[in-house]
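Inspection log for the structure reproduced underneath, given as structure tokens.
The shown structure was predicted, so the numbers you read here are calculated from the model rather than taken from an experiment. Ligands are counted one by one from 1 in listed order, and the atoms in each one are counted from 1 as well. For the numbers below, each heavy atom of this structure counts, side chains included, while hydrogens, waters and symmetry mates do not. Quick note: residue numbers are just sequence positions, from 1.
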Amino acid sequence: MIEYRNLRIAILGGGSVGAQVVSLLLEHGDELAARAGAGLELVGVAVRDVNARRDVDIPRHLITTDAESLILGADIVVELIGGIEPARSWILLALNSGADVVTANKAVMANHGPELFEAAEQVGAQLYYEAAVGGAIPIIRPLRDSLAGDRVKRILGIVNGTTNYILDRMDVHGDELQDALAEATRLGYAEADPTADIEGFDAAQKAAILASLAFHTAVPLDAVHREGITGVTREQVQAARRAGYVVKLLAICERFTDSTTGIEGVCARVHPALVPLDHPLAAVHGANNAVFVEAEAAGDLMFYGAGAGGVETASAVLGDLVSAARRHVAGGPGVAESNQSNLPVLPMASVMTRYQFTLSVVDEPGVLATIATLFADQGVSVEAVSQSVGSARSGSAPPNLTATLVIVTHQATESALASTVTALAASPVVSHIVSTLRVEGL
Ligand code: NDP
Ligand code: HSE
């Protein structure tokens, strides 16, 4: 029997993820030790309430409320409490004491990543965060290591399971958004405050983490453009399918050259978008996540799977724990986070995208020409137009007919497309703008 050196593991948090990590670590300890080349001795689990009911039994002698003493006696600290404080302070305490840290915490990574990486580098420790984006899906390590020799051009991610579940229910079952949200909450996908999901805050945190990693550039959370799905209607989702698209909440991270200034930079944005039915992301159903990466040499790659769930996320956490243990065994300093590209973060207005406009217009001669001129005046080129005749308008004479126009543009800057929306809203031939959605993944 091989005698391994023991590494002392402290776990902070015994909730949905923490309890599963404890359970798998106790159950598969020998196997993980053989993979890591070191014994993984669980020295304690810090919680708020020692008497709280847990999904999985945690041996009573391991549970403590004294997180700080636990941290100071550990070789590796696994932070699974979530939120900013005390998570941030405890991660710093662990790193400053020389321990490696594993975290699943997107909030602390998106808001304080550079500070935490700096602390790790100062003492030669390492911070692992595979579970912070995409739950069980390996995406952090592929971006950091496997694609370190390539150049990522763009990432299109479905990184929030709750909103994907909601949009999928609206599409497949014809649910209203609020009914689908209630079901997502009942199934345990949503955050404690589901505003974080449906207004895109959760996805924006994940976008900031992915963009920073992919482009070797610190992308602050407040630079991520964010729109949620609360304005998306069942009618829009169903019209999208008839036109050959699905509506997805996408986190898009891209590297491009601003067409006005010639400056190369990066941008991260979260918003609902139309995705063509033949794009791999269109086939991501339910609460699953997927990250579609376009790299210069590797081409297109897709990472797919469970984006949440206690035991699924525990898989990613334990993978990081084994990596951290291997690093301890090998010795030497941790690998610093790569941010050497330091590219400027470009504004949303510079992004190149396409819009699909659905307009209710007056159905009379010259209207199409007026609208075509309006698009041309904004420098936006139209790719496709379809028209269906609507019902007669109510009200006093003259009883004009209305028609519905669906216009898909070629790529244009977000600023030109936004000005087009303003011009359409002011145009006398447009009764109202039924919907505007960006089209991505063409
Ligand atoms: P839970 O809310 O289920 O568990 C949080 C745990 O942290 C609880 O055990 C709680 O203690 C403990 N805790 C909270 N505050 C303190 C404190 N001040 N001092 C000591 N202990 C504290 O969270 P999850 O397990 O769902 O999430 C953990 C992390 O994993 C988060 O960062 C989350 O974003 C991330 N994550 C979660 C996923 C999921 O599907 N759940 C998916 C991907 C990532 P007590 O039990 O006593 O209340
Ligand atoms: N509420 C999140 C989601 C959990 O729906 O994806 C995982 O971060």
Side-chain angles (χ1 to χ4, degrees), residues 10-23 44-56 58 62-71 77-91 101-111 129-137 139-140 157-168 180-181 183-185 187-207 209 228-229 249 251 270 284 286-291 305-317 320:
I11 298 184
L12 313 179
S16 306
V17 182
Q20 296 292 344
V21 170
V22 171
S23 167
V45 182
V47 297
R48 256 181 319 214
D49 174 5
V50 291
N51 297 313
R53 278 181 61 84
R54 312 211 167 266
D55 299 347
V56 174
I58 301 176
L62 290 174
I63 299 185
T64 176
T65 53
D66 185 359
E68 297 195 355
S69 301
L70 193 61
I71 292 167
V77 173
V78 182
E79 184 278 304
L80 299 170
I81 61 178
I84 305 287
E85 287 295 351
R88 171 186 154 275
S89 300
W90 288 349
I91 292 173
V101 172
V102 174
T103 180
N105 189 332
K106 60 216 164 193
V108 83
M109 293 306 301
N111 285 284
Y129 53 102
E130 182 61 71
V133 181
I137 305 172
I139 183 60
I140 299 298
I158 294 173
V159 291
N160 181 267
T162 302
T163 46
N164 202 58
Y165 178 84
I166 292 170
L167 293 169
D168 199 37
L181 171 59
E183 187 61 8
T185 305
L187 292 167
Y189 302 141
E191 299 290 308
D193 174 2
T195 311
D197 298 298
I198 59 174
E199 293 295 0
F201 292 102
D202 174 81
Q205 290 175 344
K206 294 165 179 169
I209 295 170
I229 64 162
L249 182 72
V270 168
V284 178
N288 283 311
N289 282 194
V291 183
V311 73
E312 293 87 347
T313 306
S315 162
V317 171
D320 277 352

One finds that the ligand 2 atoms under 4.0 Å from a non-hydrogen atom of G161 are 3 (C), 5 (O), 6 (O)

Would you call G307 a ligand 2 contact, heavy-atom distance under 4.0 Å?
yes

What residues sit with at least one heavy atom under 4.0 Å from ligand 1?
G13, G14, G15, S16, V17, A46, V47, R48, D49, R54, L80, I81, G82, P86, W90, A104, N105, K106, A131, A308, G309, T313

Could an N or O of ligand 2 be found under 3.5 Å from any N or O of N289, whether backbone or side chain?
no

Donor + acceptor pair across side chains of D66, T64 (<3.5 Å):
no

If you round to the nearest 0.5 Å, how far is CD1 of I140 from CD1 of I209?
6.5 Å

K206 heavy atoms within 4.0 Å reach ligand 2 at atoms 6 (O), 7 (C), 8 (O)

Does only the side chain of D202 get under 4.0 Å from ligand 2, or the backbone, or both, or neither? Count heavy atoms.
side chain

Which residues share a side chain to side chain donor-acceptor pair (under 3.5 Å) with Y129, sequence neighbours left out:
E337

Quick check: do M109 and T103 have side-chain heavy atoms less than 4.5 Å from each other?
yes

Closer than 4.0 Å to some heavy atom of Y189 - which atoms of ligand 2 meet that?
1 (N), 2 (C), 3 (C), 4 (C), 5 (O)

Pull out every atom of ligand 2 sitting under 4.0 Å from any heavy atom of D197, numbered as shown with elements.
1 (N), 2 (C), 3 (C), 5 (O)

Atoms in ligand 2 flagged as close to T162, the criterion being non-hydrogen separation under 4.0 Å:
1 (N), 3 (C), 5 (O)

Rounded to the nearest 0.5 Å, what separation is found between the CG atom of N105 and the CD1 atom of I91?
6.0 Å

